Amino acid sequence: MTTSGPASSPAPKSMDAIMALCKRRGFIYQASEIYGGINGFWDYGPLGSQLKKNLREAWWQDMILRPCWGRSGPNGAPVRCVPVETRIVQHPKVWEASGHIAGFNDPMVDCRETKGRYRYDHVMVYVPESGDPGDKPVFAYVGDQPSEARQKKKAEKTFGAGAIKSVPLASFPQPWGRIIAPDAEKPGSLTEPRQFNLMFKTYIGALATEDDVAYLRPETAQGIFVQFKNVVDTTRVKVPFGIGNVGTSFRNEVTPRNFTFRSREFEQAELEFFCHPDESVAWYKFWRDFRMEWWKSIGLAGDNLILREHEKDELSHYSQGTSDVEYRFPFTAPGFGELEGIAHRGNYDLTQHQKVSGAKLEYNDTERGELLPNGQRRGERYLPHCIEPAAGLDRGVLALICEAYTKDESRPSPELLKLHPRLAPIKAAVFPLVAKDGMPEVAETLHTELTERFWRQGAIEMDEKQSIGKRYARMDEAGTPFCFTIDGDTLTGQTVTVRDRDSGQQQRVGLDKVGDFLAAKLGL
RNA sequence: GAGGGUGUAGCUCAGUGGUAGAGCGUCACGUUGCCAACGUGAAAGUCGAGGGUUCAAGUCCCUUCACCCUCUCCA
């Protein structure tokens with residue numbers, strides 16, 4: 001989904017340069033590259049996998065461990081969320097209930113001439129009464145489309161007025177080369193019907209017969225709905241509350257492209273927040289606004305991030321609101337690409353699973369209903385409504401890299417990644433200004449001290465090779481926010497320089513204050 | 001799926017049918033006094049893959065794979 005942005009957009013960054021840096025510095029590699037690559041799959045290198053882990057953990061911390069940074073929701077109480085971890089392979093009926101199987105099993109035909117695509121079962125053809133057109137063409141159309149009248153006219157001209165009938169394309173036995181596609185001029189432009197299976201198929205069990213067919217999940221959310229009742233029954237959660245689920249999903253995208261943006265294997269971080277129907281719109285607005293704020297907090301702070309509220313006619317019938325957090329990627333500019341969707345899903349999913357599985361999924365809310373003489377509430381049974389903030393972690397990583405990527409020819413090191421310190425895979429580096437006079441030893445001591453204190457957050461690097469400028473430049477490309485340099489004054493005055501990645505500016509801090517300085521910068 | 005473009009060292013790219021190249025990066029040694037410094041050297045290539053034409057193919061032909069762009073699709 002893309003929309004156009006303000007006209008004042010700056011020139012887009014070069015995606016080629018970003019991809020080159022991602023490879024060069026070990027953020028992202030093509031999957032199976034030495035075998036020629038595999039369409040729609042990408043691997044993360046040492047820095048990329050750490051960056052992605054930092055993003056995943058930031059989500060987990062701010063959504064599960066301390067939801068919304070400890071804020072209260074619209075009900076005035078702190079937001080409460082719990083995690084689950086559900087499987088990639090679910091019972092096939094899960095996807096039947098969710099609508100994923102039904103919605104994506106339609107064979108399609110394409111027109112080579114007009115590039116149009118039609119549902120095979122929607123296409124009709126005009127043929128002569130006899131059913132045998134001989135060596136003449138037949139005319140395909142789609143009901144209630146302009147093509148219907150146009151093709152009818154042509155068919156009547158070919159076979160005579162009143163001498164034609166229409167039959168479904170599927171029942172037409174003639175060679176494909178005879179068919180004129182609905183919006184085409186020449187025969188033979190229509191492809192044979194093709195199945196678009198957006199879900200990855202697999203088999204359970206070693207025999208792998210057609211009875212054993214299962215699917216790799218196209219989204220993590222359904223695992224949450226399927227376990228909703230178990231979570232309610234076995235933990236002390238009360239509506240309103242959320243269940244989060246992070247993991248890999250698979251979609252056989254028709255055209256994977258734009259680097260990792262549309263991959264066939266990707267990771268989602270999804271929350272389903274369950275609430276009473278009367279409060280659902282308030283919760284929807286709450287989550288929509290918080291998710292936007294969250295992406296801003298980790299570095300997507302500029303004009304490149306927008307919140308786009310869906311129009312009424314874009315909404316599913318059960319939804320009372322859907323928004324996308326969208327980022328202006330270099331390849332979507334001046335438009336935007338979706339990072340996260342926040343959807344009011346009503347009780348659609350629980351209703352579906354209740355229907356298909358036969359299990360009762362209603363929630364008994366003991367805090368609602370009329371007040372009884374004994375001081376208790378009578379209770380109210382209902383299917384909770386659901387607000388779904390569903391984020392793409394791979395798209396998040398890509399957006400972070402694109403936003404952070406900066407080219408400044410005035411710098412000695414023109415390319416750098418201005419990654420937020422919380423997300424940066426390498427948190428800091430320690431350098432001796434020159435590799436002599438005892439500086440390497442002091443640096444090594446500081447490096448060890450910082451590593452022991454900060455290893456949970458990310459790497460602390462030590463580098464004494466080559467010139468100081470080259471070492472700064474290397475850290476710039478890796479997105480390391482701070483470099484601590486041991487120089488001659490360290491040996492006499494017990495201070496080091498701190499070099500800020502984005503400005504290149506330096507300040508001195510005490511050797512024994514370096515850890516506290518870094519902790520403050522990392523928000524610890 | 002359709003059309004177009006690209007594929008040669010980690011990156012960016014030269015390479016006219018006749019010995020596989022450059023810049024940058026990487027590594028080693030020397031030097032060093034805050035921004036890809038300098039000197040000397042080294043490693044690094046299935047020329048995307050497979051087949052064909054040819055005495056000879058990175059180069060020409062066919063097939064195929066991947067990436068980029070434009071359509072199409074995107075629960």
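Because the structure is a prediction, the values reported are computed rather than measured. Sequence lines set the chain letters: A, B, ... in the order given, protein chains first and strands last, and positions in each chain run from 1. No hydrogens, no waters, no symmetry mates; every other heavy atom, side chains included, goes into these values.
In A/Tyr203, the OH atom is crowded: over 12 heavy atoms of neighbouring residues, nucleotides or ligands sit closer than 6.0 Å.
A/Phe259 comes within 4.0 angstrom of sugar-phosphate atoms only, judged by non-hydrogen atoms across all strands, and of no base. Residue contacts for A/Thr497: at a heavy-atom cut-off of 4.0 Å it reaches a base atom on one of the strands shown. Among the protein residues, A/Phe331 comes within range of the sugar-phosphate backbone only, with heavy atoms under 4.0 Å from sugar or phosphate atoms but none that close to a base. Among the heavy atoms of the strands lying under 4.0 Å from A/Gly488 is at least one base atom, whether or not backbone atoms are also near. Across all strands shown, A/Met439 has heavy atoms under 4.0 Å from base atoms, whether or not it also approaches the sugar-phosphate. At the heavy-atom level, A/Gly341 lies nowhere under 4.0 Å from the strands shown. At a threshold of 4.0 angstrom between heavy atoms, the contacts of A/Asp437 include nucleobase atoms, whether or not backbone atoms are also involved. Residue A/Glu219 is out of contact with every strand shown, counting any heavy-atom pair closer than 4.0 Å. A/Arg345 comes within 4.0 angstrom of nothing in the nucleic acid, heavy atoms only. If you check every strand for non-hydrogen atoms under 4.0 Å, A/Asn39 touches sugar and phosphate atoms only. If you check every strand for non-hydrogen atoms under 4.0 Å, A/Arg411 touches nothing. Within the nucleic acid shown, A/Arg257 comes within 4.0 Å of at least one base atom, counting heavy atoms only. Within 4.0 Å of A/Gln506, counting heavy atoms only, lies at least one base atom of the nucleic acid. Note on A/Leu21: nothing from the nucleic acid sits closer than 4.0 angstrom, heavy atoms only.
Between the side chains of A/Tyr284 and A/Ser323, at least one donor N or O sits under 3.5 Å from an acceptor N or O.
With P as the reference atom, B/U12 and B/A36 are 23 Å apart, rounded to whole Å. The gap from the C1' atom of B/C67 to that of B/C60 amounts to 24 Å, rounded to the nearest Å. For the P atoms, the distance linking B/G25 with B/C68 amounts to 28 Å, nearest Å. Using atom P as the reference point in both B/C69 and B/U32, the two lie 49 Å apart (nearest Å). On the P atoms, B/U26 is 31 Å away from B/U16, given to the nearest whole Å. Atom name P, nucleotides B/G45 and B/U40: the rounded distance is 25 Å, in whole Å.
The shortest distance between the side-chain N/O atoms of A/Lys436 and the OP1/OP2 oxygens of B/U32 is below 4.0 Å. Taking 4.0 angstrom as the limit, A/Lys470 places none of its side-chain polar atoms (N or O) nearer than this to OP1 or OP2 of B/C35. Phosphate proximity of B/C69 to A/Asn258: present, with a side-chain N or O under 4.0 Å from OP1 or OP2. For the OP1/OP2 pair of B/U26 and a distance below 4.0 Å, the side-chain nitrogens and oxygens of A/Arg474 include at least one atom meeting the criterion. Between A/Lys23 and B/G10, a side-chain N or O to OP1/OP2 separation shorter than 4.0 Å is absent.
Ring centroids of A/Phe482 and A/Phe517 are separated by less than 6.0 Å, placing the two rings close together.
In this structure, of B/A36, B/A66, B/C73, it is B/A66 that holds the atom nearest to the side chain of A/Gln30. Side chain of A/Ala20, nearest nucleotide from B/A37, B/C11, B/C69: B/C11. Among B/A37, B/C29, B/A75, the nucleotide with an atom closest to any side-chain atom of A/Ser467 is B/A37. Side-chain proximity of A/Asp487 to the nucleotides B/C68, B/G33, B/C35 is greatest for B/G33. Picking from B/C69, B/G33, B/A75 the nucleotide with the shortest atom distance to the side chain of A/His100 gives B/A75.
Heavy atoms only, all atoms of each residue included: A/Phe228 and A/Leu361 are closest at CE2-O, 3.5 Å.
A 3.5 Å limit on both hydrogen-bonding distances identifies B/A2 as the Watson-Crick or G-U partner of B/U70. B/G33 makes up no base pair with any nucleotide shown, lacking Watson-Crick or G-U wobble contacts both under 3.5 Å.
You'll find a donor-acceptor pair under 3.5 Å spanning the side chain of A/Arg499 and the base of B/C35, going by distance alone. Checked by distance alone, A/Ser413 brings no side-chain donor or acceptor within 3.5 Å of a matching partner on the base of B/C35. Taking only distance into account, the side chain of A/Tyr472 meets the base of B/C34 through a donor-acceptor pair shorter than 3.5 Å. Not a single donor-acceptor pair, N or O on each side, falls under 3.5 Å between the base of B/A36 and the side chain of A/Gln466.
By the 6.0 Å and 45° rule, A/Arg395 stacks over the aromatic ring of A/Phe261. The cationic atom of A/Arg499 (NZ for Lys, CZ for Arg) lies less than 6.0 Å from the six-membered ring centre of A/Tyr472 and within 45° of the ring axis.
To the nearest 0.5 Å, atoms CZ (A/Arg251) and CE (A/Met199) are separated by 10.5 Å.
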